[in-house]
Amino acid sequence: MKPTISPSLTVFSLVILAAGSLALAQIPRTPSPAGAKVYFIQPKDGATVKGPVEVVMGLSGMGVAPAGIDAPETGHHHVLIDVDKLNLDAAVPADARHRHFGRGQTETRLELAPGTHTLQLVLGDRNHVPHNPPVMSPKITITVAQ
Ligand SMILES: [Cu+2]
């Protein structure tokens, strides 16, 4: 009898291959609409402020939704403090320099050490992953007075 490859083994191999390539694939990013923008209403770029720093976050062209909510063209704010480079293909880290506002907050007060700091806003989808294209503010520089 001629040896044949069992069909179930072939299907099994294909499933393994598919699972392997899925693991290698990047986390899917949620599309953002053209023209969407996040920006600082407060503080202003170049401002010297007293701590705690009052931050007011603005968003246009999209809506604010809490993390975990699957609604089109929405996201939640993140403030990046003194962060040079963010990996756009992963969830925003959660630490002292990457602050999440996953309840949909648009205002906060930041306790920052006296001196110069950069702040940047990035919107994240329900999984905290930046949209595609990313909705990020320009980086602003502030000085926190003693
Ligand atoms: Cu988040």
Side-chain angles (χ1 to χ4, degrees), residues 7-146:
S8 63
L9 188 65
T10 307
V11 168
F12 181 72
S13 310
L14 284 174
V15 167
I16 294 287
L17 275 175
S21 52
L22 206 66
L24 289 175
Q26 293 164 339
I27 294 175
R29 287 170 60 190
T30 305
S32 60
K37 249 174 58 171
V38 278
Y39 52 94
F40 286 100
I41 296 169
Q42 208 182 305
K44 302 284 182 215
D45 190 18
T48 296
V49 293
K50 283 199 159 190
V53 179
E54 303 258 7
V55 176
V56 183
M57 307 161 224
L59 175 64
S60 70
M62 288 181 78
V64 174
I69 299 292
D70 187 8
E73 301 189 359
T74 64
H76 64 277
H77 286 289
H78 301 88
V79 176
L80 310 181
I81 304 163
D82 300 326
V83 170
D84 281 338
K85 204 169 181 347
L86 182 71
N87 178 3
L88 298 175
D89 291 315
V92 175
D95 58 30
R97 298 193 306 138
H98 303 79
R99 306 286 179 89
H100 291 246
F101 298 91
R103 294 197 306 275
Q105 307 95 308
T106 56
E107 296 185 13
T108 193
R109 288 164 147 234
L110 296 177
E111 294 283 355
L112 298 175
T116 297
H117 299 278
T118 64
L119 299 177
Q120 188 172 26
L121 287 169
V122 60
L123 208 66
D125 67 10
R126 66 187 193 282
N127 299 317
H128 312 273
V129 178
H131 293 75
N132 189 17
V135 181
M136 295 181 91
S137 75
K139 211 177 271 184
I140 66 169
T141 302
I142 61 165
T143 302
V144 177
Q146 288 278 3

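Read the numbers this way: they start at 1 and go in the same order the structure lists the ligands and their atoms.
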Task: SB check Arg29 Asp125 (cutoff 4.0 Å) - done: no

TODO: Could you tell me whether the side chain of Arg99 and the main chain of Val79 form a donor-acceptor pair under 3.5 Å?
DONE: no

- [ ] Write down the atom of Val38, the atom of Val135, and the distance for their closest heavy-atom approach.
- [x] CG2-O, 3.6 Å

Open item on the list: Using modelled atom types and a 3.5 Å cut-off, is there a donor and acceptor pairing between side-chain atoms of Lys44 and backbone atoms of Ile140?
Closed with: no

TODO: For the Cu ion (ligand 1), report each protein N, O or S atom nearer than 2.8 Å, sorted by chain and then by residue number.
DONE: His76 NE2, His78 NE2, His100 ND1, His128 ND1

Open item on the list: Distance alone, cut at 3.5 Å: any donor-acceptor contact between the side chains of His78 and His76?
Closed with: yes

Task: Sidechain-backbone polar pair: Thr106 side chain, Met57 backbone, donor-acceptor under 3.5 Å - done: no

